[in-house]
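Since we're looking at a predicted model, the values are computed, not measured.
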Amino acid sequence: MRTKLLSATVAGFALMGAANLPHGGLNLKALPKVAEVSDRYQSYNIEMVEVTGGRFWAPYGGPAGEVYRQRPPLDLNDARLRNLARHLGPAYMRVSGTWSNNTYLAAEDEHLTAPPPGFVQVLTPAQLRSVIAFSKAADAPIVTSFAVSIGTRGPDGRWTTAQAQRFVDQVRADGGTIAAAEFFNEPNMPTAAPAMPKSYTAADYGADFRIFRDWARKAAPDMKILGPGGVGEGHLMKSAPVNALGRPVRSADMMAENPGSLDAVSYHFYGSVSQRCAALGIGTAIKDEALSPGWLDRTVEDYDFYASLRDKYEPGKPIWNTETAQAACGGSPWASTFLDTFRYLNQLGVLAQKGVQVVMHNTLATSDYALIDRDTMTPRPNYWAAVLWRKLMGQVVLASPASPSPALRLYAQCLRGSPGGVALLALNTGDTPQKLQPGAKGTAWVMTGQPIDTRAIRVNGVEPRVDPQGAIAGLDGRAIGGELSIPAKAIAFVAVPGAGNAACR
C-alpha cells in the first residue's frame with residue numbers, strides 16, 4: 001500500500017508539472033479545481049464524557065499504568081473557551097464518542113443519584129443546554145450519536161427511540177440545531193463501551209439501524225444521517241474486532257444490511273494508539289516517524305478503504321471524517337506539540353483533495369490531542385494552524401502544484417474571500433530550507449518551532465496569543481515578492497490574491 005501511495009504522489013507531481021512556470025515558479029492561475037468541501041470542513045469534537053464528567057484519558061505523569069482519570073464536566077460557559085472556538089467557526093461541533101453509547105439523558109423533573117440500569121453515566125438537561133448554547137455561540141451546529149446500550153432496548157433486544165427522541169426534543173425546544181448524526185459511535189467495536197449487548201452482530205446493527213433511520217426521517221427530517229462511523233479498518237487493526245461470540249463486526253457487513261440509507265458515509269481515523277492503550281498489542285505512535293511519509297500517508301489508506309465501501313453501498317454519497325487525531329486513547333505526549341501540526345495540516349490538505357466534506361478533530365479542549373489545553377485554556381500549536389486554515393483556505397480545492405522536493409508537501413485551495421485568489425499550504429518536513437515561488441506578490445505566515453516538539457510556536461517570528469477578551473494578536477502576515485524561503489521543518493501558508501485563477505470565483 002505504501003508503494004502505491006508514493007507512486008500516486010509522483011504521478012500527481014508529473015501531471016501538475018505543466019502548471020508550473022520555468023525556473024521553478026508556480027503557475028497558480030493554471031491550477032484546476034479538483035474538489036469542493038463544506039464551509040464547515042474543519043470541525044471538532046467535544047466528547048460526551050467531557051460534557052457529563054467522568055473517566056476520560058488520564059494525563060501523563062500519573063501512577064504507572066493509569067489509563068483513565070475522573071474528570072469534572074468541561075465548563076462550556078467559560079468565556080475564554082467560547083472565544084477560542086469562535087475563531088474556528090463556522091464549524092460543526094460533534095458531541096459523541098464511546099461514552100455516548102451508554103449515556104442517559106434525564107428528564108427535566110428527574111433527579112438521579114445513579115444512572116438507570118443499562119446506562120453508565122447521566123447527561124442532565126442543564127448540561128445539554130450548555131452544549132446548545134455553546135453551539136450557537138461558536139457558530140457550530142451539533143453533530144451527535146445516540147445511546148444504544150442495554151437500557152435503551154425493549155424486551156426483544158431491539159433499540160427503542162425514547163432517549164433519542166428526548167434529545168432531539170430538548171435541542172429543538174432550546175433553539176439548537178442537530179445538523180447530522182451517526183446512529184451510534186463506532187459500531188464496528190460495539191463491546192468497547194460497557195452496558196452494550198455482548199453478542200451484538202452486523203445483522204443486529206442492520207435491524208436497529210432501520211428503526212433509527214425510519215424514526216429520524218420523521219422526528220428530525222433536517223438532520224443528515226451519517227454512518228456507519230467505523231474506525232481502524234483500513235490500517236490500524238489487522239483483523240476486525242469480534243463480539244463475545246467471536247464473530248467479527250465489520251462496516252462492510254453493516255452497510256450491506258441497508259444500502260442506500262445514508263446521507264453521507266462517515267468514518268473515524270487514527271494512525272495509531274497512544275501509550276495508554278499499548279496493551280491492545282497493535283503498536284503505538286512513534287515520535288521519530290512523525291514526519292515520515294509512512295505516518296503522514298496513513299490517512300489516505302483509511303480514506304481509500306471507506307471510500308470503496310461508499311462506492312459499493314452508497315454510490316455518489318459524500319464522505320465525512322467525524323473523528324480523528326494524532327493517536328487514539330487521548331494522544332501521545334507529542335500530540336500537543338508543533339511536531340503533530342504537520343500531520344494535522346497534511347490530513348486537512350489531502351482529504352480536501354479527495355473531496356471529504358468534513359474533518360472533525362478530536363478534541364477541542366481535553367487530553368493531549370486537544371487543540372486547547374483544558375487546564376490553562378492555552379491554545380496549542382494545532383489551534384494556531386486551525387485558525388490560519390480557517391482564515392485562508394476556501395471551499396474550492398485545487399490540484400497541488402509540483403513540488404521541488406519530496407520533503408515539501410504542497411496543497412492549494414481558493415483564497416477565502418478573494419475572487420481569483422489562491423491560498424497555498426507548504427509543509428517542509430525535511431532538514432534543509434525550501435524555496436517557494438508563488439509567481440506573484442502575496443502574504444505569508446511561516447510557522448516555526450524550536451525544538452520541533454515545542455508547545456510554543458512562532459508565526460513570522462512572533463508568538464501568537466489571545467488576550468482576555470478573546471482577540472488574537474501576533475498572527476500578522478508578512479508581505480513577500482516572488483519567492484519565499486521556508487526553513488527546515490517549518491510550515492507556511494501563503495495568500496496570493498492576484499493569482500487570477502478562474503476556478504476561484
Side-chain angles (χ1 to χ4, degrees), residues 45-58 67-78 81 93-136 142-178 181-187 189-198 200 208 211-212 215-216 219-220 223 363-367 374:
N45 280 265
I46 295 177
E47 294 258 344
M48 183 67 77
V49 71
E50 296 179 72
V51 180
T52 64
R55 295 175 70 246
F56 198 48
W57 305 115
V67 176
Y68 302 107
R69 185 178 298 180
Q70 188 73 23
R71 300 296 299 270
L74 177 66
D75 182 6
L76 294 177
N77 298 312
D78 183 274
L81 179 60
M93 167 187 174
R94 180 175 179 262
V95 180
S96 179
T98 301
W99 286 262
S100 67
N101 290 348
N102 48 38
T103 294
Y104 178 81
L105 174 59
E108 286 286 357
D109 57 353
E110 203 170 10
H111 303 287
L112 302 172
T113 58
F119 295 93
V120 177
Q121 54 268 324
V122 173
L123 173 68
T124 69
Q127 288 169 336
L128 182 52
R129 278 193 288 273
S130 74
V131 168
I132 297 164
F134 189 96
S135 166
K136 291 192 286 187
I142 296 166
V143 175
T144 194
S145 64
F146 297 100
V148 292
S149 59
I150 294 170
T152 68
R153 298 181 175 277
D156 61 353
R158 291 274 70 88
W159 182 75
T160 61
T161 65
Q163 276 286 293
Q165 186 68 56
R166 182 178 291 176
F167 190 99
V168 167
D169 287 346
Q170 182 176 336
V171 173
R172 183 180 292 123
D174 288 338
T177 300
I178 304 176
E182 293 161 326
F183 174 36
F184 72 94
N185 183 77
E186 296 177 358
M189 299 181 66
T191 59
M196 286 293 293
K198 299 303 181 187
Y200 202 79
D208 286 344
I211 298 170
F212 167 74
W215 163 81
M223 179 182 77
T363 65
L364 178 65
T366 300
S367 208
R374 171 173 171 162

For [X] and [Y], which heavy atoms make the closest approach, and how far apart are they?
X	Y	answer
L76	S130	CD1-OG, 3.8 Å
P197	R153	CG-NE, 3.6 Å
R374	L74	NH2-N, 3.5 Å
N185	N101	N-OD1, 3.0 Å
M223	A181	SD-CB, 3.6 Å
Q127	P73	NE2-CG, 3.9 Å

Check: [X] side chain, [Y] main-chain N or O, donor-acceptor pair, under 3.5 Å:
X	Y	answer
D174	G176	no
T160	T152	yes
Q170	P125	yes

How far does [atom1] of [X] sit from [atom2] of [Y], to the nearest 0.5 angstrom?
X	Y	atom1	atom2	result
R129	T124	CZ	OG1	7.5 Å
W57	Y68	CH2	OH	3.5 Å
I132	I142	CD1	CD1	5.5 Å
Y104	R166	OH	CZ	4.5 Å

Lys/Arg-Asp/Glu bridge criterion (N-O < 4.0 Å) met for D169, R172: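 Looking at D169 and R172, the cut-off is met.
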Taking NZ, NE, NH1 and NH2 as the nitrogens, is one of them in E47 or R71 under 4.0 Å from a carboxylate oxygen of the other? no
Centroid-to-centroid, W159 to F183, below 6.0 Å?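 Yes, ring centres under 6.0 Å apart.
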When you compare the side chain of E182 with that of R94, does any pair of heavy atoms fall below 4.5 Å?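 They are in contact (side-chain heavy atoms under 4.5 Å apart), so the answer is yes.
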Taking side chain as C-beta onward, heavy atoms only, is L81 less than 4.5 Å from D75?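 No - every pair of side-chain heavy atoms lies 4.5 Å or more apart.
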Could you tabulate the donor-acceptor pairs under 3.5 Å formed by side-chain atoms of residues 113-123, not counting sequence neighbours?
unit_1 : atom_1 : unit_2 : atom_2 : d
Q121   : NE2    : W99    : O      : 2.7
Q121   : NE2    : N102   : OD1    : 2.4
Q121   : NE2    : T103   : OG1    : 3.0

